Amino acid sequence: MNTQCWWVTPNATDLQSIATLIDNGQMSVHIDRVFPLEDAKQAHALNELQRARGKIERQVIA
């Protein structure tokens, strides 16, 4: 078993730099699947398998 824990402190300057890269098409984020909120259990199961090929998103519609 390999376990890692990372603590991250938000940094507005870094986040703005990342946003600029995304806006300019120099960076992209691959989304593997989008799950409706009611399917959160399935989203967590996919995450536990560690086989997603990108981010796993949960969609919340207000």
Side-chain angles (χ1 to χ4, degrees):
M1 176 187 287
N2 180 12
T3 303
Q4 296 180 0
C5 182
W6 296 21
W7 294 98
V8 179
T9 303
N11 180 306
T13 303
D14 289 347
L15 291 174
Q16 184 58 52
S17 297
I18 293 169
T20 300
L21 290 170
I22 292 170
D23 290 344
N24 292 336
Q26 296 172 297
M27 176 185 283
S28 64
V29 177
H30 179 77
I31 298 174
D32 185 279
R33 297 219 13 218
V34 178
F35 289 91
L37 187 58
E38 58 269 13
D39 293 337
K41 185 176 181 178
Q42 290 175 329
H44 283 282
L46 179 60
N47 187 53
E48 289 293 320
L49 291 173
Q50 298 182 353
R51 294 181 188 230
R53 300 186 67 100
K55 296 295 181 185
I56 301 168
E57 300 291 329
R58 284 166 211 89
Q59 184 178 38
V60 179
I61 300 174

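No experiment lies behind these values; they were computed from the predicted model shown.
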First locate atom CG of Leu21, then atom CD of Gln16, and finally report the distance between them rounded to the nearest 0.5 Å. 10.0 Å
For a side-chain contact (heavy atoms from CB on, under 4.5 Å) check, start with the C-alpha distance between Ile18 and Met27, then their side-chain angles and the critical distance, and finish with the verdict. CA-CA 8 Å; Ile18 293 169; Met27 176 185 283; 3.9 Å; yes
Calculate, to the nearest 0.5 Å, the distance between atoms CG and CG belonging to Leu46 and Asp39 respectively. 12.0 Å
Can you confirm whether Arg58 sits close enough to His44 that some side-chain heavy atom of one is under 4.5 Å from a side-chain heavy atom of the other? yes
Please check this pair: side chain of Asn11 against backbone of Asp14, looking for a donor-acceptor N/O pair closer than 3.5 Å. yes
Are the side chains of Lys55 and Asp32 in touch, meaning some heavy atoms are under 4.5 Å apart? no
Give a yes or no answer on whether the side chain of Asn24 reaches the backbone of Gln26 with a donor-acceptor pair at less than 3.5 Å. no
